[in-house]
Protein chains: 2
Amino acid sequence: MEAGPIFAGKGFRATTVREICEQANVNVASINYYFGDKRQLYHQTVVLAREMRVEQVPEPNWDASTDPEQKLLDFITLILRRLVAMQTEPWQVRLLMREILEPTETCKHLVEEYFRPFFNTLCGIIDDIVGHRLPEPTRNKIGFSIIGQCLYYRFSADMTRLMIEQQDYVDQYDLDNLAQHIYLFSLGGLKHYQTLDERVLKDARPADH
Amino acid sequence: MEAGPIFAGKGFRATTVREICEQANVNVASINYYFGDKRQLYHQTVVLAREMRVEQVPEPNWDASTDPEQKLLDFITLILRRLVAMQTEPWQVRLLMREILEPTETCKHLVEEYFRPFFNTLCGIIDDIVGHRLPEPTRNKIGFSIIGQCLYYRFSADMTRLMIEQQDYVDQYDLDNLAQHIYLFSLGGLKHYQTLDERVLKDARPADH
DNA sequence: AACTGTATTAAACACTTGTTTAATCACAAT
DNA sequence: ATTGTGATTAAACAAGTGTTTAATACAGTT
């Protein structure tokens, strides 16, 4: 499968079937013969990318005794490992990133099969740490805050590198360092909610007049 | 300038000069006559988009008495207003987003002229809240955590809408609601650093053996 | 050896792309 | 009225696009 890296690098539109076929040393007609058309090849490639990435970076195994804060750190590390590959960026990541940014039909499939259960796991961890059930929108937003921090280092990686010293990026933005930071920062945010949420929720929703 | 919305919607490559010219009711040769080629038109359009957006959403005016926590809330609101337009997404935002994700030469210009000073303002606010100077990499990462949370709701907006109930999105993810959440969450993260950073920094850097 | 179904190929097809050309137009200055 | 200059146009251009076709090659079966 030579299509992956090319789709990942240039997107669906900018990728030509001729380039793929040349890379794979097959005839231009092969894609239409085997996949129907270019679009279906793309769809198959995205699905494959997700499967490969999940396989490459498996989930941590927790048992009943694993405490929720450790789970949070593990989970953040998992996201960073899966979506935010550091030194070399595997094509699978960039391809999935494109789907998140500009969803095609393929993305619905990704959400149901992968993102939603993934997000639900995170929500469970949040509930465990806070100790009591937050209102669902609040809980979701906390989840998005954690994921958002992680995704930043993928989506904005190129720009971030333009912002800070090259050497700092190598030294201070490795995976464990980032995971540790996001963990600490998010734990702080969570604790803050834990102590404030009753008050805030009461204050934020006065009788609307 | 009819090129903006089209470039924003489909990207440089997928946009055709003929579509732009048709939209603008001018001849296909006009772009080459006025801008040289398609690429230079794109560059001009990005620069214009940034200028328009800054003008559309001006910075808040603070005085010496404004306390830093209020500044943080204002700043988060500013980012959300500028980059994460809610109901209707102006083309300027989507165009700038594309530059962040896949920087062209134009992006270097954006970083120096706009993003870097913007980020420095945020760093100043962080320093004020923490009360003492954090190590620069730590301080930067906190900044990226805050910006990352904001950008999430732009970059992943389409996907987020696939994840949660449509009605919840309308009710619970309006601009003020998000700003309030990101503010609270980030303030918690900051306070956590404020109390832990001396200890963490000592522990995290033992004699390397 | 003849047949069959699949795999592979070069070539052609129909269409779109960004850009260029050369002619025409508008209109102020002479 | 004529000239000159820049704006605007339809047409052409050359290169590239995804897809189709029809011919060929290659197995395995009868």
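The chains referred to below are lettered A, B, ... by the order of the sequence lines, with proteins before strands, and numbering in each begins at 1.
- Taking SG of C123(A) as the reference point, atom CD1 of I146(A) lies at 9.0 Å (rounded to 0.5 Å).
- In this structure, F35(B) atom CZ and dG18(C) atom C1' are separated by 16 Å, rounded to whole Å.
- Atom CD of E22(A) is separated from atom P of dT8(C) by 18 Å (rounded to the nearest Å).
- Other residues, nucleotides and ligands contribute over 12 non-hydrogen atoms within 6.0 Å of the CD atom of E112(A).
- Rounding to the nearest 0.5 Å gives a distance of 4.0 Å between CG of L122(B) and CD1 of I126(B).
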Could you provide the dot-bracket string of DNA chain C, using ( ) for intrastrand pairs, [ ] for crossing pairs and | for bases paired to another strand, with Watson-Crick or G-U pairs below 3.5 Å?
.||||||||||||||||||||||||||||.

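- Considering CZ of R50(B) and CG of L95(B), their distance stands at 12.5 Å, rounded to 0.5 Å.
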Quick one, give me the B/S/- string for nucleotides 11-22 of chain D, reading 5' to 3', where B means a protein heavy atom under 4.0 Å from the base and S means that only happens at the primed atoms, P, OP1 or OP2.
BB----BBBBB-

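- In this structure, D74(B) CG and I79(B) CD1 are separated by 11.5 Å, a value rounded to the nearest 0.5 Å.
- A heavy-atom distance below 4.5 Å is found between the side chains of Y153(B) and K141(A).
- Atom CG of N25(B) and atom P of dA10(D) are 12 Å apart (whole Å).
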Quiz: residues 17-29 of chain A side-chain donor-acceptor pairs under 3.5 angstrom, not counting sequence neighbours:
{"residue": "E19(A)", "atom": "OE1", "partner": "K10(A)", "partner atom": "NZ", "Å": "3.0"}
{"residue": "N27(A)", "atom": "OD1", "partner": "A29(A)", "partner atom": "N", "Å": "2.9"}

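- The aromatic rings of Y193(A) and F185(B) lie tilted to each other, with the angle between the two planes from 30° to 60°.
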